[in-house]
Structures are given as C-alpha cells and as structure tokens.
Amino acid sequence: MISNQILQNTIEGLKGIMRIELCICDTEGKVLATTFPDAEEYEFSVLAFVESPADSQVIQGYQFFKVFDEHQLEYVLLARGAGDDAYMAGKVVVFQIQNLLVAYKERFDKDNFIKNLLLDNLLLVDIYNRAKKLHIDINVRRVVFVIETQTENDTVALETVKSMFSAKSKDFITAVDEKNIILVKELKTGESYEDMDKVAKMILDMLNTEAMATVHVAYGTIVNELKEVSRSYKEAKMALDVGKIFYSDKNIVAYNNLGIGRLIYQLPVSLCRMFIKEIFDGKSPDDLDDETLVTINKFFENNLNVSETSRQLYIHRNTLVYRLDKLQKSTGLDLRVFEDAITFKIALMVVKYMNYIETLDN
C-alpha cells in the first residue's frame, strides 16, 4: 500500500500543476492526504459514495472519484476546481494514483519474489514465469552480498544501502532476517571479483561513515542465471560464518577466497574430535598457555622463519628454539618441519571450528 506521505506529496504536486484542490480518503472515509482544510467533514459523503454504484459523482461541490486496483476499490478522490476542470483533472489524478498502485505493488512483488528466490522456495517453472511477469532478466550475471549489522533491524544501515543502489533498478536490496541486509547485484559486462571487492569495500566504508555502523560484508560467486542466485546467497552466508571462525580480523570475506576454512567448516564435528584426539592424544591446543600460542602464531605469520620470529617477539633466537623444542616434547610435532607445521595449523583451525559449534549449541 502507498504510504500517506507519498500520497500527500503526489497530490500537492498535482495541485500545483492543475490548480485544483484534492483529497484522498480510504474506503472508510478516513482522510489520508489533502490539500485543503476541514476535509474530515466529507466523511459521511465518502461513505455514501462508496456504497453507490457510480464511479464518479458531484457531491457538495466536489467531484468524487473511485480509485480501483484490479477491480478492488482502494481510495476515494475528491477534486474541486473551476467549471469542468475538476472532472478532467480528477480523471488524470485517478490515473496517476492507479499507476502508483501498480508501481508499489510491483516493487512489493519483486521484493517477495527475491526473498523466496534466495530461500529456495520456488520451483524452476515459477522462477521463470514470475520473473517474466515482473520484468526481471533471467540470463544476466549477478552476485549476492550479505551485510551483517551489529544491531537487529538496523533501518539506518538498510536505508543507506538502498540509497547506494536504489538508482540502479536492476539491483535488489532486501532482508530475510533481523541482522542481515542482502544485496543482489547485477553485473556489467567485464566486471570481475576484483570489482566485487571494491563494491564490498565501498559498502563497508559508507556504512561506517554514514550509518556509524560496524558491519561484516561477505559475497558468493558470480552466477550467470537467475535460478542460481540462491546458490550465491548460500555461499555468501557460508563465507560470513567461515569468516567469523577463521578470519575474524577481516570485515570483508569472499566465498572464493575461503581456502582451507571452507573445507573444515563442512566437516562433521565427530570427525574433528577424532582428528584432534589422534594428533594431541586427548589434549587440545586450547590447553597451551598464551605465551606458547603467541609464539606459534607469530612463527606461522613469518613462514616458519626462526630469526624473523625471534626478532618480532623481542626474544633471543635460542629462547624461541627452546619454546619450539618444549612444544615438540608435549605434542610430538616439530613446527620447524613443514609437514608438522601444516598439521598443527589445521588442528588450530579445527579447534576454532569446534568451539564455534559449541557456542551455537549452548
């Protein structure tokens, strides 16, 4: 349904063009928008007109019109002007309001269609039929962005995203839950994942500055058909989750850059527990003290380079060697050996994933 503010803006604009007074009421006689005072006085006349078979009628000096939406009476329009101008101008206003109804309904229908498309609630034949009816291209390249906000139902963030992309009518902005804003973006010829990174950064920067919101942005793979949009959405959702677990320092995560995190995310928890038990013999990397964990992470950051790691930790090289030897005795893994380092790195990621699953279960 068209908002009262939109109706008010519409009739005020038309009044200036056509030089007539206008009022729009609902079918119960309530004034929704008006350009003249005391419009409420015509409530009973509106109710009587609603019950009459006439589509237009002169009552108390005003020309009354019925405004239909697909044969359903939606509004009553009152118009007053000089001579026959009120009737002709009123017909034009009725036409404009009916066009508004069609536009708003189509926008609502498109939003509803996109939501069901994202959630895989449509049969393939329904996708094609409804897309054709709503004038949505089927065979164009698209990608789905998921923008997670810190607060639920962040309307400021939603409106900011809409303002960024609303001018591009072929992009869709919607939401299927309280914390995620979804952008289904249509791509131009030649646009690549590098361009998608720029779009994600633009969204991030705009929301940080305009909406004062801290957000995380994830996006799926580029798809070529409308029916594949739900896959890109699922990938973006997975990227968001995987990013939280393994790449918490990043605010932008792309599905095609998840690396080994994507594999671990899809492992059964039972298999993860078996792997940790096998590697650490019932122990866990969580049991290691903070100093050891800092040493390990810094060692990995420096590609197993002892000299550079000791320099950045401000410790003597021998101290680092001692810590690595101590870790080898307790775990059986020597991080200076590539194969052992890979095993330990994967184990740390598996434990992160298991801890994340536990927080979901609690």
Side-chain angles (χ1 to χ4, degrees), residues 1-114 130 132-136 155-156 158-174 210:
M1 188 60 66
I2 306 172
S3 70
N4 291 359
Q5 186 60 54
I6 295 293
L7 289 172
Q8 185 67 45
N9 292 343
T10 300
I11 64 171
E12 284 179 358
L14 291 169
K15 173 192 173 183
I17 296 171
M18 301 179 178
R19 304 180 188 282
I20 60 172
E21 298 293 345
L22 297 166
C23 174
I24 300 175
C25 300
D26 62 17
T27 55
E28 296 179 352
K30 180 183 176 184
V31 175
L32 303 178
T34 182
T35 63
F36 59 87
D38 304 323
E40 291 81 4
E41 295 177 4
Y42 296 89
E43 179 180 347
F44 291 109
S45 298
V46 170
L47 292 173
F49 177 61
V50 167
E51 296 298 324
S52 75
D55 288 343
S56 66
Q57 190 175 356
V58 177
I59 304 174
Q60 295 176 271
Y62 280 86
Q63 187 76 44
F64 282 50
F65 297 90
K66 289 178 180 176
V67 183
F68 294 92
D69 178 25
E70 294 185 358
H71 309 293
Q72 175 70 37
L73 180 60
E74 289 290 340
Y75 303 117
V76 172
L77 172 72
L78 284 65
R80 185 173 68 182
D84 294 333
D85 290 349
Y87 177 78
M88 295 306 298
K91 293 290 286 183
V92 172
V93 175
V94 168
F95 180 71
Q96 293 292 337
I97 295 172
Q98 285 174 330
N99 284 342
L100 271 178
L101 282 167
V102 171
Y104 268 74
K105 190 161 64 173
E106 182 171 297
R107 191 173 78 174
F108 172 79
D109 287 346
K110 280 185 177 180
D111 186 69
N112 191 44
F113 170 68
I114 293 297
R130 291 184 64 182
K132 184 177 180 181
K133 183 179 178 182
L134 295 169
H135 311 293
I136 298 174
T155 54
V156 176
L158 178 59
E159 290 305 315
T160 302
V161 176
K162 284 183 177 180
S163 70
M164 294 170 67
F165 298 96
S166 60
K168 301 171 184 176
S169 58
K170 294 184 178 180
D171 294 337
F172 301 101
I173 298 97
T174 188
E210 297 293 327

Heavy-atom pair of closest approach, residues [X] and [Y]:
X: T34; Y: F36; value: OG1-O, 3.0 Å
X: L77; Y: G90; value: CD2-O, 3.6 Å
X: N4; Y: A33; value: O-CB, 4.3 Å
X: D26; Y: V46; value: O-CG1, 4.0 Å

Please assess L22 against L14 for the test side-chain contact (heavy atoms from CB on, under 4.5 Å), listing each intermediate value before the final yes or no. CA-CA 9 Å; L22 297 166; L14 291 169; 4.1 Å; yes
Between Y87 and F65 (judged by ring centroids, cut-off 6.0 Å), do the two rings come close enough to count as a pair?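 Between Y87 and F65, the centre distance is under 6.0 Å.
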Within the structure provided, determine whether [X] and [Y] are in side-chain contact (heavy-atom separation under 4.5 Å).
X: R130; Y: N112; value: yes
X: F172; Y: D111; value: no
X: V76; Y: T27; value: no
X: D109; Y: L134; value: yes
X: L73; Y: V67; value: no

Atom [atom1] of [X] and atom [atom2] of [Y]: how far apart are they, to the nearest 0.5 Å?
X: L32; Y: E74; atom1: CG; atom2: CD; result: 10.5 Å
X: K162; Y: T155; atom1: NZ; atom2: OG1; result: 10.0 Å
X: I11; Y: T35; atom1: CD1; atom2: OG1; result: 5.5 Å
X: C23; Y: K15; atom1: SG; atom2: NZ; result: 12.0 Å
X: Q8; Y: I6; atom1: CD; atom2: CD1; result: 11.0 Å
X: T174; Y: F113; atom1: OG1; atom2: CZ; result: 12.5 Å

Please, which pairs that meet side-chain hydrogen bond (donor to acceptor under 3.5 Å, both in side chains) have at least one residue in residues 47-69, sequence neighbours excluded?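 Residue pairs with at least one partner in residues 47-69: S45-Q60, Y62-R80, D69-K105.
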Which donor-acceptor pairs under 3.5 Å do side chains of residues 93-103 form with protein atoms, sequence neighbours excluded?
from, atom 1, to, atom 2, distance (Å)
Q98, NE2, F68, O, 3.3

